[in-house]
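Below is one structure, written out as structure tokens, with a few remarks after it.
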Amino acid sequence: MLERAGEHPTDPKLRNRLDSAFPPPAPAPPMPATLRAALSRRRTRRRAGHAILLAVLCGACLALILAPPSPQPRPDAGQPPRSAIAATPSVRQVSLPPVMLDSGLGVTVQVRAGQSPDSLAALGLFSP
Amino acid sequence: MTEKGHQPEAALLLAMHKGDEAAARLLWNRHAPGLIATASALLNHVGGHAMAHDLVQQVFCALLETPRAQLATIHDTHAYLARAVRNAAFNERRASARRAHHTRLAAPLPTEQPPVAPPAVDWPSLLSRLDPAHQEVIILRHIARLSFDQLAIAVGESRGVVAGRYKAALAHIRSLINVNQEVL
């Protein structure tokens with residue numbers, strides 16, 4: 001309560017007179033009704049807040065439990081539908097039937113799709 | 001002593017903030033007597049004990065509206081309450097001065113009163129003659145029984161400033177006692 005050790009006390013006689021001039025305070029009166037009412041309101045507000053929080057949490061849990069399951073992904077997910085494959089031409093996937101060409105040498109040559117220009121040149125059908 | 005009586009005051013403060021009446025009663029019984037006496041002195045005894053009692057009650061009610069995070073930072077409950085009472089007393093003194101000024105303007109002129117002999121030692125009157133900054137330091141030190149560290153918290157200044165004000169206040173009181181010998 002007093003100064004720290006080493007500090008010089010100021011006018012100790014006057015300080016003692018001041019200490020004795022003001023006697024210890026009277027015992028505490030009963031806690032006032034206004035303060036008790038404020039405490040009661042505080043308790044009521046906290047209970048209401050807890051009830052609201054509990055209701056929100058229960059609602060969220062119920063929503064998670066009752067929500068329909070999400071659909072499982074199909075094995076060919078990401079692939080275009082088969083009808084689209086047929087409609088979309090692709091050099092690799094479309095197989096052309098062999099074409100019968102007359103080489104002009106009296107020989108009919110069967111040419112398939114994908115045949116290289118060299119092989120065609122060998123048959124006399126293509127000049128690079 | 002009940003179980004709550006052994007709890008530190010910080011825990012009692014937080015329990016009171018939740019609406020715990022037992023914790024509030026403990027804090028009230030511990031601090032209200034000194035705070036009421038301090039408030040009465042800071043108010044220059046205007047309004048008497050009832051005014052001081054109402055002021056301390058307001059301070060306790062205001063604790064319930066203080067954010068819990070702010071209450072959790074309080075390390076010295078006595079100093080914090082003393083500061084709250086000090087601030088409330090200053091506000092009430094300003095309001096009271098305004099009311100008194102308006103009342104004086106409307107009141108009739110006072111009649112002659114016979115002179116009254118001053119009491120042997122009128123400490124409250126002597127304190128009222130001090131500078132407000134010196135007066136509050138003397139009141140908080142000798143009525144609220146705050147240490148210098150607690151005084152620094154209550155007044156919102158550094159310990160050195162508070163100690164300097166206290167020293168100057170004592171010197172002023174000493175000069176008043178020496179000059180006005182009839183006060184002794």
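All chains are named by letter (A, B, ...) in the order of the sequence lines, taking the proteins before the strands, and each is independently numbered beginning at 1.
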>> Using the rule given for salt bridge (charged side-chain N to carboxylate O under 4.0 Å, His left out), can you reason through Asp11(A) versus Lys167(B), listing the C-alpha separation, both sets of side-chain angles and the distance that settles it, and then say yes or no?
In response: CA-CA 8 Å; Asp11(A) 206 337; Lys167(B) 191 174 177 179; over 6 Å; no
>> To the closest 0.5 Å, what do you measure between CZ (Phe22(A)) and CZ (Arg141(B))?
In response: 12.5 Å
> What part of Ala38(A) lies closer than 4.5 angstrom to a heavy atom of chain B: side chain, backbone, both or neither?
Replying inline: both
> Is Ile153(B) linked to Ile143(B) within one hydrophobic cluster, defined over Ile, Leu, Val, Met, Phe, Trp and Tyr using a side-chain heavy-atom separation of less than 4.5 Å?
Replying inline: no
Side-chain donor-acceptor pairs of residues 46-58 of chain B under 3.5 Å, sequence neighbours excluded:
none

> If you measure from CG on Leu18(A) to CG on Leu126(B), what distance do you get to the nearest 0.5 Å?
Replying inline: 8.5 Å
> Is Val155(B) linked to Val161(B) within one hydrophobic cluster, defined over Ile, Leu, Val, Met, Phe, Trp and Tyr using a side-chain heavy-atom separation of less than 4.5 Å?
Replying inline: no
> Roughly how far, to the nearest 0.5 Å, is NE2 of His142(B) from CG of Asp19(A)?
Replying inline: 5.5 Å
> Looking at Pro27(A) and Pro33(B), what are the two nearest heavy atoms and their distance?
Replying inline: C-CG, 4.1 Å
>> Tell me every residue that passes side chain to side chain contact (heavy atoms under 4.5 Å, CB included) with Ala63(A), counting only those two or more places apart in sequence or in another chain.
In response: none
>> If we define contacts as heavy-atom pairs under 4.5 Å, which of Glu65(B), His31(B), Lys18(B) has the most with chain A?
In response: Lys18(B)
> Side chain, backbone, both or neither: which part of Ile36(B) has a heavy atom under 4.5 Å from chain A?
Replying inline: side chain
>> Quick check on Leu35(B) against chain A: is it the side chain, the backbone, both or neither that has a heavy atom closer than 4.5 Å?
In response: neither
>> Among Leu170(B), Thr38(B), Leu151(B), Ile138(B), which residue has the highest count of heavy-atom pairs closer than 4.5 Å to chain A?
In response: Leu170(B)
> Could you state the interatomic distance from CD1 (Ile173(B)) to CZ (Arg17(A)), rounded to the nearest 0.5 Å?
Replying inline: 10.5 Å
> Hey, which residues of residues 29-36 of chain A are touching chain B, say heavy atoms under 4.5 Å apart?
Replying inline: Pro29(A), Pro30(A), Met31(A), Pro32(A), Thr34(A), Leu35(A), Arg36(A)
> Going by residue number, which parts of residues 39-47 of chain A are within reach of chain B, meaning a heavy-atom gap below 4.5 Å?
Replying inline: Leu39(A), Arg42(A), Arg43(A), Arg45(A), Arg46(A)
